[in-house]
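Some notes on the structure that comes next.
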Amino acid sequence: MTAHFPQETTPRLTANRVLAGASLGHFTNDLLQSLLLASYPVFRGGFDLSFAQLGLMTFCYQITASLLQPVVGAVTDRRPMPFALPMAMVVSFSGLVVLAFAGSYAALLVGCVMLGCGSSIFHPEAARVARLASQGSFGMAQSYFQLGGNAGSAVGPLVVAAVILPHGQQAIAWFAPVAAAGVILLAAIARWAHGRPAPASRRRAGAAPVAPVHVKRGIAILLALMFSKFFYMASFSSYYVFYLAHRFGMGEGEAQMGLFVFLAAVALGTILGGKLSDRLGTRAVIAISFWGALPFALALPYAGLWLTMGLAVTVGFLMASAFPAIVVHAQALMPGRVGMVSGLFFGLAFGMGGLGAALLGVAADHVGIETVYAVCAFLPLFGLLIPLLPTSPE
């Protein structure tokens, strides 16, 4: 039986349910996607992979999404396609099936590319639907939408530790019921979103449109901030388990729990960042995120075990709070291009994560994982660009 969202007499209730559904769909999508990164210890042991080969897997997965997402977003700005959402879930799970039964490194790369394609279809259109259901609270809607994705990514390591590590690579295919539930949910959301007009901008009274030259400068600065944020986050999402194991001798299960705690902090930072951006403004939240994270990031490579985990949680929380603010700020600078902007920035998030994972993997093979973390600690310094960021007109 197919789920549906009834057309209520109270539009706010319906919109809130749709927003919750979009967040749950994002949770399901990113849970399935996160099984790839969290299963790296399984792949590394089964195929005797180097850090560089793991980095190439991440690169194939995330660069596919980064290149396609802006294209998908630009297309859906002109012709919304909400029914692409359940199709995206099908493509992602197909990639997981390939990973589950892969017998060679080449097959692993094919599965990574399929996952990237599913993500590229999902994120721009899902972000547009979340804005449709925002009722004008764009930062809050973006944060709740991203919370679902971050929560799914955080649960991934727990699932891997509980299911895939004990039972092996083919256990990845056991998540077919989760994918099927996601398809049903996203089909219901697509029916609600079909034919709905975009919400009006909440441009401040008297606020003039941003001049094109300032729009270009603002987008360039936001892209630079995205580069530093996701390059740094790639060091945690792809290699934090190995860092804890190498530096402190933690076992795989304990290290996966450390990754879960870090990703849970990222999820909390995302929801707080979205709420604060509606109250304080997006530029203020971006500044707090980068400037606040810098001292903790610089201290992390020199701390003991428990302090390292505490500093990682703090850095993850603060850096994650910037993402909803960055996306909403960019959407305000380019009104009417929600899909393209969402695709560009979600795509860049994947692309920078993939490029970062690939380069950091090569660096870790040559200079060691601890040196990689010491160098990455300086990436929040990109926050020095924030004073040059044009003020949002919303």
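Linking Ile, Leu, Val, Met, Phe, Trp and Tyr whenever their side-chain heavy atoms come within less than 4.5 Å puts Leu244 and Ile369 in one cluster. No continuous path of hydrophobic side-chain contacts links Leu384 to Met226 [ILVMFWY only; heavy atoms under 4.5 Å]. Under the 4.5 Å side-chain heavy-atom criterion for ILVMFWY residues, no single connected hydrophobic cluster contains both Val98 and Leu35. Hydrophobic clustering of Ile, Leu, Val, Met, Phe, Trp and Tyr side chains at less than 4.5 Å, counting indirect connections, keeps Phe27 apart from Val91. Hydrophobic clustering (side-chain heavy atoms under 4.5 Å, transitive across Ile, Leu, Val, Met, Phe, Trp, Tyr) groups Leu307 together with Met309.
Between the side chain of Ser23 and the main chain of Ala20, no donor-acceptor pair closer than 3.5 Å is present. A distance-only check finds no donor-acceptor pair linking the side chain of His329 to the backbone of Thr282 [under 3.5 Å]. Under a 3.5 Å cut-off, the side chain of Ser119 and the backbone N or O of Leu115 do not form any donor-acceptor pair. Counting only distance, with no hydrogens or angles, the side chain of Arg217 and the backbone of Leu389 share no donor-acceptor pair below 3.5 Å.
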Acceptor/donor pairs from residues 174-181 side chains to any protein atom, 3.5 angstrom cut, sequence neighbours excluded:
none

**Asked** For Phe51 and Phe242, what are the C-alpha separation, side-chain angles and deciding distance, and is it a ring pair (Phe, Tyr, Trp, His ring centres under 6.0 Å)?
**Response** CA-CA 10 Å; Phe51 282 128; Phe242 300 112; 5.3 Å; yes
**Request:** Could you walk me through whether Tyr232 and Val315 pass side-chain contact (heavy atoms from CB on, under 4.5 Å), step by step?
**Result:** CA-CA 10 Å; Tyr232 190 27; Val315 169; 3.5 Å; yes
**Message:** Pair Leu32, Met89 - check side-chain contact (heavy atoms from CB on, under 4.5 Å), show working.
**Reply:** CA-CA 9 Å; Leu32 297 178; Met89 188 71 67; 3.6 Å; yes
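Nearest approach of Val372 to Ala363, heavy atoms of both residues: CG2-CB, 3.8 Å. Of all non-hydrogen atoms in Ile219 and Ala330, the two that sit nearest each other are CD1-CB, 4.0 Å. Closest of all the heavy-atom pairs between Gly292 and Pro295 is O-CD, 3.5 Å. When all heavy atoms of Gly152 and Ser34 are compared, the pair lying nearest together is O-OG, 3.5 Å. Closest approach of Ala52 to Val362, counting heavy atoms only: CB-CG2, 4.0 Å. Closest approach of Val129 to Ala193, counting heavy atoms only: CG2-CB, 3.9 Å.
Applying the side chain to side chain contact (heavy atoms under 4.5 Å, CB included) rule to Phe378 yields the partners Leu298, Leu381; only residues at least two apart in sequence or on another chain are considered. Scanning for side-chain hydrogen bond (donor to acceptor under 3.5 Å, both in side chains) contacts around Arg44 gives an empty result, with sequence neighbours left out. Qualifying side chain to side chain contact (heavy atoms under 4.5 Å, CB included) partners for Leu56, counting only residues two or more places apart in sequence or in other chains: Phe59, Cys60, Tyr105, Leu109. The side-chain hydrogen bond (donor to acceptor under 3.5 Å, both in side chains) check on Thr270 picks up Asn150, with sequence neighbours excluded. For the side chain to side chain contact (heavy atoms under 4.5 Å, CB included) test, residues two or more places apart in sequence or in another chain that qualify with Ala107 are Ala102, Ser104.
When side chains are defined from C-beta on, Tyr240 does not count as touching Ser235, because their heavy atoms never get closer than 4.5 Å. Using a 4.5 Å cut-off on side-chain heavy atoms (C-beta onward), Met250 and Val241 make no contact. Under the 4.5 Å side-chain criterion, counting only non-hydrogen atoms from C-beta, Thr314 is not in contact with Phe317. Phe43 is not listed as a side-chain neighbour of Gln53, based on a closest heavy-atom distance of 4.5 Å or more. Taking 4.5 Å as the limit, some side-chain heavy atom of Leu222 sits within range of a side-chain heavy atom of Leu333. A heavy-atom distance below 4.5 Å is found between the side chains of Phe231 and Leu360. For the pair Ser39 and Gln169, the minimum side-chain heavy-atom distance is 4.5 Å or more. Considering only heavy atoms from C-beta on, His123 comes within 4.5 Å of Asp30 through its side chain.
With rounding to the nearest 0.5 Å, the separation of CE in Met57 from OG in Ser238 is 10.0 Å. To the nearest 0.5 angstrom, Ser289 atom OG is 7.0 Å from Ile326 atom CD1. The line from CG of Leu263 to CG of Leu268 is 11.5 Å long, rounded to the nearest 0.5 Å. Here the CD1 atom belonging to Ile386 is positioned 9.5 Å from the CD1 atom belonging to Ile221, to the nearest 0.5 angstrom. Here the CG atom belonging to Leu99 is positioned 10.0 Å from the CD1 atom belonging to Ile164, to the nearest 0.5 angstrom. Atom CG of Asn29 is separated from atom CG of Leu24 by 11.5 Å, given to the nearest 0.5 angstrom.
Residue pairs meeting the ring pair (Phe, Tyr, Trp, His ring centres under 6.0 Å) criterion with at least one member in residues 279-301, sequence neighbours excluded, do not occur. Listed by first and then second residue, the ring pair (Phe, Tyr, Trp, His ring centres under 6.0 Å) pairs involving residues 297-316 amount to none (not counting sequence neighbours). Legend: side-chain hydrogen bond (donor to acceptor under 3.5 Å, both in side chains) pairs involving residues 362-375, not counting sequence neighbours, sorted by first then second residue: His246-Glu370, Arg247-Glu370. For residues 92-102, the pairs satisfying side-chain hydrogen bond (donor to acceptor under 3.5 Å, both in side chains) are Gln33-Ser92, with sequence neighbours left out. Among residue pairs with one or both ends in residues 78-101, those qualifying as ring pair (Phe, Tyr, Trp, His ring centres under 6.0 Å) are Phe83-His194; sequence neighbours excluded.
Residues Met257, Phe260, Val261, Val313 make up the rest of the hydrophobic cluster containing Leu158, defined by ILVMFWY side-chain heavy atoms closer than 4.5 Å, directly or through other members.
Ring centroids of Tyr243 and Tyr239 are separated by 6.0 Å or more, keeping the two rings apart.
Sparse packing is recorded around CE of Met87, with 12 or fewer heavy atoms of other residues, nucleotides or ligands lying under 6.0 Å away.
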